[in-house]
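Here's the structure, in structure tokens; my notes come after.
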Amino acid sequence: MPREPRAPTLPLPRGDGLSLRAAIHRACLDAIVAGRLPAGSRLPSARQLAADWRVSRNTVDDAIAALQADGVVVRRVGAGTFVASVPPRRKAAMRETTAAARAVLHDVSRWTRRTTERDAPGAVPRPQAFVAGLPDVDAFPLALWRRLTAARLRTSGRDLLGYAPPAGLPALRSALARHLALSRGLACAPEQVMIVNSTMQAVDLAARVLLERGERAWIEDPCYPNLRSTLAMAGVRAVGVPVDAAGLDVAAGCARAPRAALVHVSPACQYPLGVALAPERRRLLLDRAAARGAWILEDDYQADLALDGRPPAPLAAVDRSGRVLHLGTFTNAVYPSLRLAWIVLPAALVTTFEAVRAQLDHHSNAVAQAVLADFIDGGHLAAHLRRMRALYAARRDALLAALARHGVPAERIGPAHAGMHVAVHLPRSRPDRAVAARAAEAGVAVMPLSRYAVAARVNGLLLGYAALDERALTLAAVRLAPLLR
Ligand SMILES: Cc1ncc(COP(=O)(O)O)c(C=O)c1O
């Protein structure tokens with residue numbers, strides 16, 4: 001007999017053009033705020049709710065995870081999910097927000113409803129096992145950054161306070177061109193470097209400038225979910241192209257969308273699977289781009305943190321047809337909130353990109369750009385990357401060793417050269433969202449690989465290891481391993 005009362009069964013929530021997951025989340029939130037689900041009551045199991053409502057277990061798991069993020073339910077290991085005690089003031093505020101949000105929701109454009117996943121997880125990642133995509137910000141040389149910032153404000157002062165050039169500060173464009181030549185073997189003129197706020201802004205800009213609305217683009221399947229939304233919002237029809245051990249399957253892309261005008265690809269370290277694009281595929285991709293006049297957006301995400309030697313030269317370094325735009329970010333190499341990234345453009349495109357950027361948000365933060373230029377020129381970026389690679393390699397080794405010690409077969413573990421995370425594959429009989437939900441009950445946050453899928457049947461977990469020390473990783477691996485065996 002459970003000691004806590006079981007919550008009453010809720011009617012199947014529907015309506016308002018919400019996704020099923022958002023509708024379930026909202027119905028539960030409403031019931032908790034209105035007191036129909038009292039504090040301390042146990043929610044029916046996700047399995048039970050999925051059966052009652054005839055929806056997938058994954059949808060219910062996702063909705064419950066969102067309620068957990070709101071702080072209105074808590075999971076207790078081995079006991080179930082319980083309604084948390086929410087202070088009356090917070091309930092009143094939530095009641096107002098949900099009513100107001102409902103009214104506003106009706107006015108969201110159909111375009112947004114169609115092109116975005118409005119209920120994508122919105123939580124800010126925090127350092128816990130095994131959150132992916134978060135560097136170790138504690139290892140960042142903050143005192144040095146503070147000194148460089150103070151020095152820049154002292155020497156450049158008000159020069160940095162007005163509007164800045166749309167393509168970025170010349171000092172940063174030059175520093176970055178030198179850095180890319182040394183670290184990635186990519187020779188480019190500073191004038192080809194454009195500074196943007198993020199890789200996704202680079203993708204958005206490229207889609208707006210290069211494609212007609214409704215044109216098709218290949219994206220790797222699985223891939224970073226925001227990439228799909230970014231392209232969709234820019235009016236591009238993204239087509240998922242499978243990724244295997246040799247990276248993007250170019251032949252499959254040609255069969256699925258032969259006329260695609262653009263390809264987004266992460267050849268150095270595919271995200272999230274961690275594979276590198278094989279030489280034969282690189283050639284095919286470049287030949288196709290040259291022959292068809294298609295564009296390649298080469299996303300060099302995490303190439304600067306590759307742990308086992310240098311990754312292959314960027315496609316942009318070998319392209320002879322001027323069809324490759326090379327994208328990179330300082331999110332992991334420096335710190336995420338810096339919000340600075342870059343595009344290396346074929347020379348012929350620079351003026352157009354500058355003109356379009358000037359009509360959007362003008363430019364990126366000039367003070368941050370100036371400090372970053374000094375950070376690079378002083379050799380600090382290269383030194384920091386060296387330290388981070390050593391730190392992350394030790395963490396990766398500790399995690400893989402712990403998984404091996406606790407019986408996770410090596411053949412389930414994907415390539416782990418990619419810097420900050422590793423994919424662990426699961427047998428089909430163990431759906432990854434259910435495993436992730438059970439891991440959450442055991443206090444371990446993992447991202448199901450199926451979340452990154454467009455149509456691919458990937459099944460596994462993405463384990464980020466960069467933001468935690470070896471002890472924390474080993475302890476979490478011990479808790480997770482039984483779910484992976
Ligand atoms: C392939 C890829 N590119 C880019 C990003 C994010 O880069 P930024 O922070 O510059 O948008 C991610 C984040 O996970 C990613 O997976």
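When a ligand or atom number is given, it counts from 1 through the structure's own listing order.
The N/O atoms of Thr199, backbone and side chain alike, include one that comes under 3.5 Å of an N/O atom in ligand 1. For Arg339, a nitrogen or oxygen atom sits less than 3.5 Å from a nitrogen or oxygen atom of ligand 1, counting backbone and side chain alike.
Every residue was checked against the ring-ring contact (aromatic ring centres under 6.0 Å, His included) condition with Tyr392, not counting sequence neighbours, and none meets it.
Every atom of ligand 1 is numbered from 1 in the order shown, and the set under 4.0 Å from a heavy atom of Met200 is 4 (C), 11 (O). Listed by number with element, the atoms of ligand 1 under 4.0 Å from a non-hydrogen atom of Thr331 are 8 (P), 9 (O), 10 (O).
Atom 16 (O) of ligand 1 has Tyr271 CD2, 2.9 Å as its closest protein atom, hydrogens excluded (heavy atom only). Closest to atom 5 (C) of ligand 1, if we only count protein heavy atoms, is Tyr301 CE1, 3.5 Å. Among all protein heavy atoms, the one lying closest to atom 10 (O) of ligand 1 is Thr329 OG1, 2.7 Å.
With a heavy-atom cut-off of 4.0 Å, Ser198 touches ligand 1 through backbone and side chain alike.
Between the side chains of Arg357 and Ser364, a donor-acceptor pair is found at a separation under 3.5 Å. No side-chain donor-acceptor contact under 3.5 Å links Ser266 and Asp299.
Residues Leu297 and Val265 have side chains not in contact (no heavy-atom distance under 4.5 Å, counting atoms from C-beta outward). Within the 4.5 Å cutoff, the side chain of Leu449 has no heavy atoms near those of the Leu461 side chain. Pro135 has its side chain out of reach of Met388: every pair of non-hydrogen atoms, C-beta onward, lies at least 4.5 Å apart.
Nearest-heavy-atom check against atom 3 (N) of ligand 1 across Asn197, Leu340, Asp299 picks out Asp299.
The aromatic rings of Tyr271 and Tyr301 lie perpendicular to each other, with more than 60° between the two planes, well past the 30° mark.
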